[in-house]
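Here is the structure we will look at.
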Amino acid sequence: MSSSALTSAHTRVSAASLYVPKPVRVRKIIRETHDVCTFQLEFVDPVHAAAFTYRTGQFGEFSVFGVGEATFNISSSPNWKGYFECCFRKIGLVTGAMARLKEGDVIGFRGPYGNSYDLDAMHGRDLIFAAGGIGFPPIRCLVWRVLEEREKFGSVVIVHGARSHRDLIYQREMAEWSKRRDIHMIKTVDPGGDPEGWDGEVGFVPTVLEERVPWVLEREGKGPANAMAFTCGPPVMTKFVIQALTRMGIGLEQIVLTLENKMKCAVGKCGRCNIGSTYVCLEGPIFNAAQVRAMPDDQ
Ligand SMILES: Cc1cc2nc3c(=O)[nH]c(=O)nc-3n(C[C@H](O)[C@H](O)[C@H](O)COP(=O)(O)OP(=O)(O)OC[C@H]3O[C@@H](n4cnc5c(N)ncnc54)[C@H](O)[C@@H]3O)c2cc1C
Ligand code: FES
């Protein structure tokens, strides 16, 4: 065989292997709400398990064999050993098929992909986390990383919203975080989503954020110039969260978003995720609000 034939065969194998998922077993399923599940996953092949590392904020492609692939953030902390997690809402083909799986079933995984949160840049800063609904998993991995080294950071405020109390995910850990004196945990539901006895706020995430967070920054923090905010959720929510943070004196460079543009290949090949010349799968999904504002609107 000529060397050029060898090279092209090698290229074909490399390109194909980009898309070959590794088998991962669903070791535990946590039913967060009526339509949201957390999967704890472990690699079937110990060689894959030993080689696997990821950074906080990265995502992967998760596949149900014979159905298709879907993109989810890796919602666990990279410091948790032996397994990793994703959390998904059942909205379509792949997530519907995933919701029917049982513990012990095997799915496919490609990744990790994308950039990650810059934890060094967060040291000493007051941190605001604001997320709505299924926007919380990309933030939750970062909250856990912060809590693992809590002494390195300033005040921590978490605003977690959902349409109704039935749609609030991670209820068990939120209850634990609410008991901690070094976290301000604020949970809120949209007006009308609060049952009798509801002990949280009623109001949309941006409104509650603007009412409650300035007090914390003034009393316990070092003011808006020292704050950093992290948000993920429906575009309408993040738009109003950015406006609220800006009114509080927090600059666009201090606001970090996780974008969830539709993806297919996740490796910069298909052009499905790009906004102008920016490939969200390669350069993102994490951007600051100044970078997002500079992107074209027609995504
Ligand atoms: C970087 C990134 C991280 C993500 N993290 C999470 C996560 O942690 N948890 C989670 O539940 N989801 C997350 N998503 C969204 C998730 O990828 C989609 O909801 C999922 O692909 C749906 O797959 P499906 O086959 O079930 O839906 P489909 O059958 O493909 O679609 C069902 C409906 O949802 C719409 N839809 C599908 N994907 C998107 C999208 N990305 N944005 C807007 N509408 C969409 C379709 O147009 C269709 O109307 C993330 C997306 C990205 C790009
Ligand atoms: S998802 Fe294919 S280029 Fe980004």
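Atoms within each ligand, like the ligands themselves, are counted from 1 in listed order. Treat the numbers as computed from the prediction; the structure is a model and nothing was measured. Because only heavy atoms are used, hydrogens play no part in the values below, and waters and symmetry mates are left out as well, while side chains stay in.
- Remark: ligand 1 atoms within the under-4.0 Å shell around heavy atoms of Ala70 are 20 (C), 21 (O), 23 (O).
- Distance from atom 29 (O) of ligand 1 to its nearest protein heavy atom, with residue and atom name: Leu93 N, 2.9 Å.
- Heavy atoms of Asn261 found under 4.0 angstrom from ligand 1 belong exclusively to the backbone.
- Close approach of ligand 1 to Val94 is summarised as follows: ligand atoms under 4.0 Å from at least one heavy atom of the residue are 24 (P), 25 (O), 26 (O).
- Close approach of ligand 1 to Thr95 is summarised as follows: ligand atoms under 4.0 Å from at least one heavy atom of the residue are 24 (P), 26 (O).
- Of all protein heavy atoms, the one lying nearest to atom 3 (S) of ligand 2 is Gly271 N, 3.2 Å.
- Scanning all protein heavy atoms for the shortest distance to atom 44 (N) of ligand 1 gives Lys262 CE, 3.8 Å.
- Checking only distances, Cys87 does come within under 3.5 Å of ligand 1, N or O to N or O.
- Less than 4.0 angstrom separates some heavy atom of Arg89 from each of these atoms of ligand 1: 11 (O).
- Side-chain contact, Tyr54 with Ser76: a donor N or O sits under 3.5 Å from an acceptor N or O.
- Under the 3.5 Å distance criterion, with hydrogens and angles disregarded, a donor-acceptor pair is assigned to the side chains of Asn79 and Glu148.
- The shell of residues lying under 4.0 angstrom from ligand 1, judged by heavy atoms, excludes Ser75.
- Checking Thr71 against Tyr113 by side-chain atom types alone, no donor-acceptor pair falls below 3.5 Å.
- In summary, the side chains of Trp80 and Glu85 do not present any donor paired with an acceptor at a separation below 3.5 Å, with no hydrogens or angles considered.
- Distance screen at 4.0 Å: atom 48 (C) of ligand 1 has no protein heavy-atom neighbour inside the cut-off.
- Contact atoms of ligand 1 toward Phe88: 9 (N), 10 (C), 11 (O) (distance under 4.0 Å to a heavy atom of the residue).
- The angle Cys281:SG - atom 4 (Fe) of ligand 2 - Cys273:SG amounts to 100°, with values rounded to 10 degrees.
- Between the side chains of Gln171 and His165, no donor N or O sits under 3.5 Å from an acceptor N or O.
- Look at Arg247 and Glu210 and you find a salt bridge, because one of the NZ, NE, NH1 or NH2 atoms lies within 4.0 Å of a carboxylate O, short of that distance.
- One finds an angle of 100° at atom 2 (Fe) of ligand 2 between SG on Cys265 and SG on Cys270, to the nearest 10 degrees.
- Salt bridge annotation for Arg180-Glu176: absent, with no cationic side-chain nitrogen under 4.0 angstrom from a carboxylate oxygen.
- Close approach of ligand 1 to Ile134 (heavy-atom distance below 4.0 Å) involves ligand atoms 9 (N), 10 (C), 11 (O).
- Side-chain rings of Phe43 and Phe84 approach one another, their centers coming within less than 6.0 Å.
- In this structure the side chain of Thr56 never reaches within 4.5 angstrom of the side chain of Ser77, judged on heavy atoms.
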